[in-house]
Amino acid sequence: MFNAEPAVASEEPPASEPLAALKHFRPAGRGFWADVPDPLWNDWRWQLRHRITTLEQLERLLPTLTPEERAGAILANQKLAMAITPYFFNLIDPGDEFCPIRRQVIPRLEETDTAPWEMTDPCGEDSHAPVPGLVHRYPDRVLFLVTDRCAAYCRYCTRSRLVSNAAGYDFHPEFDRQLDYIARTPAIRDVLLSGGDPLLFNDEKLEDLLSRLRAIPHVEFVRLGTRIPIFLPQRITSELCQMLRPFHPLFVSIHSNHPRELTTEVREALGRLADAGIPLGNQSVLLRHVNDDVQVMKAHVQKLLLCRVRPYYLYQCDLIAGSAHLRASVRKGLEIMDGLRGHTTGYAVPTYVIDAPGGGGKVPVSPEYVLSRNKDRVVIRNYEGKIFEYPEAMDGRPLFRASVGSLNET
Ligand SMILES: *Cc1c(COP(=O)(O)O)cnc(C)c1O
């Protein structure tokens, strides 16, 4: 099926590990923190307190730090802060400059390169906020930003303008105003809590917010958008899962991009959420040299199912200022979708979307399967490229045969 590419000198990193190796579950392990006693290592607050946030720490822990990364770490404090939990840091392969984990969380000098079409608010969220921290773009649901803090900061964050507060956005959501807007807008039946990461709140604070939301009769459905199960699986305690149970139907959307993020620790944390009856979805961002590869993505979506997580969206990377080095093409995204649909379990196939620049919302993009269509027939192709014809049904046809009555009379 594939034509062998001519051998050309290229700056591309070497091809990734085979599918089977990518799907293997490994513990992140202790790495640099072998001496830390278990109760501390497994305490999410300890992990947060010991995050890698300075160039000095990076230099000490990552002897292969490149000049681009060094410059990036210095500049991060003016744009989007650097923070990496010790747990997640252990997933970095220090010998690989192109390590897919490293590229997601270690700043690079390229973040200062901005193209005219890049934006600080690429999805036009601020212009769709009836009250600060509440984005009402679609008729029946809202995005409720609860905090500007995350356990770690993704370098391609679509909300870099406010997250971590390095750029001085001064994000101070007032829950009273956000909840009041939801309460007096009966069309809102679905609330998506995000930020920042809502699971950074302690159990009491989150329980209080969920209770106040659940007290609004027209709120049918609540979701949490979080990367904490990936950055900080220690946060997913049995107490947290127990606290969340009364708020069903409650869904959780996690964010993971590469199969290596799905460790044994993460699998256990996700299992605890699933055991609490919480349906789990995943959102991935298509990222250059991270997951812009059919084999990597196939391993990732299959591994998500092993973690009881249904791949939900694959996002084309938003046009966030300074993200060009991390963005892969839509062409590549379509190629990946073509390599998933039909080739693996339908449950494993996410919807590929572009969040329309400037604020049009998510638009699904898909390889073409309908080759032609008229009033009589539809011509389609399957995942193997074989072509089929489907005779079109007649929507206008009467529901009953006119002759049935006369048949009965004879
Ligand atoms: C993504 C998003 C939602 C949720 O969209 P779904 O397609 O229902 O997952 C809601 N509001 C905003 C502003 C969003 O960006």
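Both ligands and their constituent atoms are indexed starting at 1 by order of listing.
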Show me the donor-acceptor pairs within less than 3.5 Å that the side chains of residues 138-149 make with the rest of the protein, sequence neighbours left out.
unit_1 : atom_1 : unit_2 : atom_2 : d
Tyr138 : OH     : Lys362 : N      : 2.7
Asp140 : OD2    : Arg189 : NH1    : 2.6
Thr147 : OG1    : Arg149 : N      : 3.0

Hey, can you pull the donor-acceptor pairs under 3.5 Å for the side chains in residues 256-264, sequence neighbours left out?
unit_1 : atom_1 : unit_2 : atom_2 : d
Ser256 : OG     : His300 : NE2    : 2.6
Asn257 : OD1    : His255 : NE2    : 3.4
Asn257 : OD1    : Val285 : N      : 2.9
Asn257 : ND2    : Gln104 : OE1    : 2.9
Asn257 : ND2    : Tyr156 : OH     : 2.8
Asn257 : ND2    : His255 : NE2    : 3.1
His258 : ND1    : Arg260 : N      : 3.0
Arg260 : NH1    : Leu91  : O      : 3.3
Glu261 : OE1    : Arg227 : NH2    : 2.9
Glu261 : OE1    : Asn257 : N      : 3.0
Glu261 : OE2    : Gln104 : NE2    : 2.7
Glu261 : OE2    : Arg227 : NH2    : 3.3
Glu261 : OE2    : Asn257 : N      : 3.4
Glu261 : OE2    : His258 : N      : 3.2
Thr263 : OG1    : Tyr87  : OH     : 2.6
Thr263 : OG1    : Glu265 : N      : 3.4
Thr263 : OG1    : Glu265 : OE1    : 3.3
Thr263 : OG1    : Val266 : N      : 3.1

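With respect to Glu368 and Arg381, no salt bridge is recorded, no charged nitrogen being found less than 4.0 Å from a carboxylate O. Using a cutoff of 4.0 Å between basic side-chain nitrogens and carboxylate oxygens, Lys332 and Glu335 are scored as salt-bridged.
Other residues, nucleotides and ligands contribute at most 12 non-hydrogen atoms within 6.0 Å of the CZ atom of Arg331.
Within 4.0 Å of ligand 1, counting heavy atoms only, the contacting residues are Val135, Tyr138, Arg141, Leu143, Leu192, Arg223, Tyr312, Tyr313, Lys362.
Under the rule for a side chain to side chain donor-acceptor pair (under 3.5 Å), the partners of Arg327 that lie at least two apart in sequence or sit in another chain are Glu118, Ser323.
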